[in-house]
Each structure stands twice: as structure tokens, then as C-alpha cells.
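Notes follow the structure.
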Amino acid sequence: MPSTPPVALLLAAGAGRRLGLGPKALLPYRGRPLIEHALAVLRAGGCEWIVVVLGAGVEEVLATAELGDCGVVRNADWASGMGSSLRAGLSALPADAPSALVALVDTPGLTSAAVARLLASEGLAAAAYGGMRGHPVLIPARYWAEAAEGAVGDAGARALFAARAGEVLLVECGDVATGDDVDTVDQWERWRG
């Protein structure tokens with residue numbers, strides 16, 4: 001096992017335009033902003049250092065949410081899509097980190113058990129739900145440059161995982177979490193209820 005503590009990258013820069021309720025990081029969930037829930041899950045799952053990428057509503061997020069000792073990256077290019085946030089976040093990670101667990105702020109069904117399973121994996125890995133690849137993903141440092149190069153528009157790490165499909169370990173998490181992200185008001189209301 002690597003001696004460097006597990007590192008996570010939380011992508012939380014989007015404006016939530018499709019949802020229409022403002023930045024997803026600030027959605028009220030269990031009495032606090034959704035970003036706080038995501039951070040708590042990552043910490044409970046074993047991530048000792050977290051870098052958060054913010055963009056839309058960055059000042060409001062910083063003023064409203066308790067981020068603790070996270071590293072914060074301000075992505076001025078957030079409107080171009082998730083790819084710019086992944087690039088910005090990867091460039092801010094500690095150079096000695098062996099890998100990074102990349103999570104999305106809008107997956108309230110992620111649990112600490114799923115995070116721990118991913119962190120226990122070796123190599124390029126992704127959470128799976130019923131055998132279908134989802135989030136979060138684990139990207140070893142040796143792939144960060146390739147991930148950044150392919151991260152354009154809303155693609156995130158999709159190009160990396162497509163190019164390295166034969167190397168990807170799917171870590172089944174459907175028994176302890178859900179990988180659904182929140183893109184519509186109906187989806188959000190189901191989570192809030």
C-alpha cells in the first residue's frame with residue numbers, strides 16, 4: 001500500500017443549469033449544502049486530503065459551506081464544462097500522491113463504504129452499479145496527464161477510460177451506494193424526500 005494518504009478530487013464547479021436551482025454545491029441537503037455532504041462521505045471513506053474545484057457561485061460557496069481544510073481550486077473556465085474542472089483539479093494535486101479518487105458533488109447516493117472500496121483498489125478503477133461503470137473513479141498519478149489531455153467539454157475522464165478500457169477495474173458498489181447524479185428537479189426531489 002502507498003504511504004501517502006489517500007487524495008480525493010471533488011468536482012463542484014457547475015452552475016446546475018439543467019437543474020435550474022443554482023450551483024449544485026449549494027443545494028440544501030439534510031440541512032446543509034450538498035458539498036458538505038460530499039466532503040463528509042469522502043472523509044469517512046478514507047480520503048485524508050481533498051481538493052475541491054469550484055466555479056459557479058464560488059464566493060457564495062466559500063461564504064456558505066464549511067469546507068474544512070480542503071484545498072480549493074477556483075476554475076474560472078467552469079462554464080466550458082467538467083473537463084476544465086478536472087484539468088484544474090489534477091494540476092493542484094500533491095505531486096507525491098499515488099492516485100486520486102475523483103468524485104462529483106451531485107451524487108448524494110455515494111457512501112463512505114463505496115469510497116473505501118475504490119481506495120482499496122489498485123490501478124485505474126471505477127465504481128460500478130449493477131455492472132455499469134459510474135462514479136467515483138480512481139486515477140493513478142501515471143494517468144493524470146493523459147486524463148487532463150482528454151478532458152474537454154463535459155467529457156471529464158471519459159476519454160481516458162475509453163482508451164484504457166482493458167485496464168479498468170470495475171469495483172461493484174451497488175450493494176452499498178447508488179451512482180445516480182442529480183440533473184433534474186424530479187431527481188432532486190426524490191433525494192430530498
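Keep in mind that this is a model prediction, so the values were computed, not measured. Atoms considered below: every heavy atom in the structure, side chains included; atoms not considered: hydrogens, waters and symmetry mates.
The side-chain hydrogen bond (donor to acceptor under 3.5 Å, both in side chains) test applied to Asp175 returns Arg117, not counting sequence neighbours. Residues passing the salt bridge (Lys or Arg N to Asp or Glu O under 4.0 Å) test with Arg30, sequence neighbours excluded: none.
A donor-acceptor pair under 3.5 Å is formed between the side chain of His37 and the backbone N or O of Pro108. Remark: side-chain polar atoms of Ser91 are paired, donor with acceptor, to backbone N or O of Ala88 under 3.5 angstrom. No donor-acceptor pair under 3.5 Å is formed between the side chain of Arg133 and the backbone N or O of Ala126.
Considering CE of Met82 and CG of Leu104, their distance stands at 5.0 Å, rounded to 0.5 Å. Between Leu42 atom CG and Leu101 atom CG the span is 6.5 Å, to the nearest 0.5 Å. Phe161 CZ to Glu146 CD: the interatomic distance, rounded to the nearest 0.5 Å, is 10.5 Å. Atom NE2 of His135 sits about 9.0 Å away from atom CG of Asp106, to the nearest 0.5 Å.
Contact of the Val53 side chain with the Leu10 side chain is not registered, since no non-hydrogen atoms from C-beta on lie closer than 4.5 Å. Put simply, the side chain of Leu9 reaches to within 4.5 Å of the side chain of Leu90, judged on heavy atoms. At least one side-chain heavy atom of Glu59 sits under 4.5 Å from a side-chain heavy atom of Arg74. Ser99 has its side chain out of reach of Ile139: every pair of non-hydrogen atoms, C-beta onward, lies at least 4.5 Å apart. Using a 4.5 Å cut-off on side-chain heavy atoms (C-beta onward), Asp180 and Gln187 make no contact. A 4.5 Å side-chain heavy-atom check between Val7 and Pro94 finds at least one atom pair inside the cut-off. In this structure, Leu119 and Cys47 have side chains that are in contact, with non-hydrogen atoms separated by less than 4.5 Å. Side-chain contact between Ile35 and Leu67 is present, with heavy atoms from C-beta onward closer than 4.5 Å.
The two residues Ser85 and Asn75 make their nearest non-hydrogen contact at OG-ND2, 3.0 Å. Across all non-hydrogen atoms, the minimal contact from Gly83 to Ala151 is O-CB, 3.5 Å. The two residues Ser121 and Leu138 have their closest heavy-atom pair at O-CD2, 3.7 Å. Closest heavy-atom contact between Leu160 and Ala147: CD2-CB, 3.7 Å.
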Would Val52 and Leu39 satisfy side chain to side chain contact (heavy atoms under 4.5 Å, CB included), going step by step from the backbone distance to the final call? CA-CA 9 Å; Val52 179; Leu39 291 170; 3.8 Å; yes
Audit row: Asp69, Ile50, side chain to side chain contact (heavy atoms under 4.5 Å, CB included) steps and yes/no: CA-CA 8 Å; Asp69 62 353; Ile50 304 171; over 6 Å; no
Under the side chain to side chain contact (heavy atoms under 4.5 Å, CB included) criterion, do Leu110 and Val115 qualify, and how do the steps go? CA-CA 8 Å; Leu110 181 64; Val115 170; 3.9 Å; yes
Compile the donor-acceptor pairs under 3.5 Å between side chains in residues 165-174 and protein atoms, sequence neighbours left out, one pair per line.
from: Glu167; atom 1: OE1; to: Tyr143; atom 2: OH; distance (Å): 2.3
from: Glu167; atom 1: OE2; to: Arg164; atom 2: NH1; distance (Å): 3.0
from: Glu172; atom 1: OE1; to: Gly130; atom 2: N; distance (Å): 3.4
from: Glu172; atom 1: OE1; to: Gly131; atom 2: N; distance (Å): 2.9
from: Glu172; atom 1: OE2; to: Gly130; atom 2: N; distance (Å): 2.9
from: Glu172; atom 1: OE2; to: Gly174; atom 2: N; distance (Å): 2.9

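In this structure, a donor-acceptor pair under 3.5 Å is absent between the side chains of Thr107 and Asp181.
The cluster map of Ile, Leu, Val, Met, Phe, Trp and Tyr, joined by side-chain heavy atoms under 4.5 Å apart, puts Val176 and Leu118 in different clusters. The same ILVMFWY cluster, assembled from side-chain heavy atoms under 4.5 Å apart, contains both Val105 and Leu62. In the hydrophobic clustering of ILVMFWY residues, with side-chain heavy atoms under 4.5 Å counting as a link, Trp78 and Val102 come out apart.
No more than 12 heavy-atom neighbours from other residues, nucleotides or ligands sit within 6.0 angstrom of CD on Glu60. For CZ of Arg43, the number of neighbouring non-hydrogen atoms (other residues, nucleotides, ligands) closer than 6.0 Å is greater than 12.
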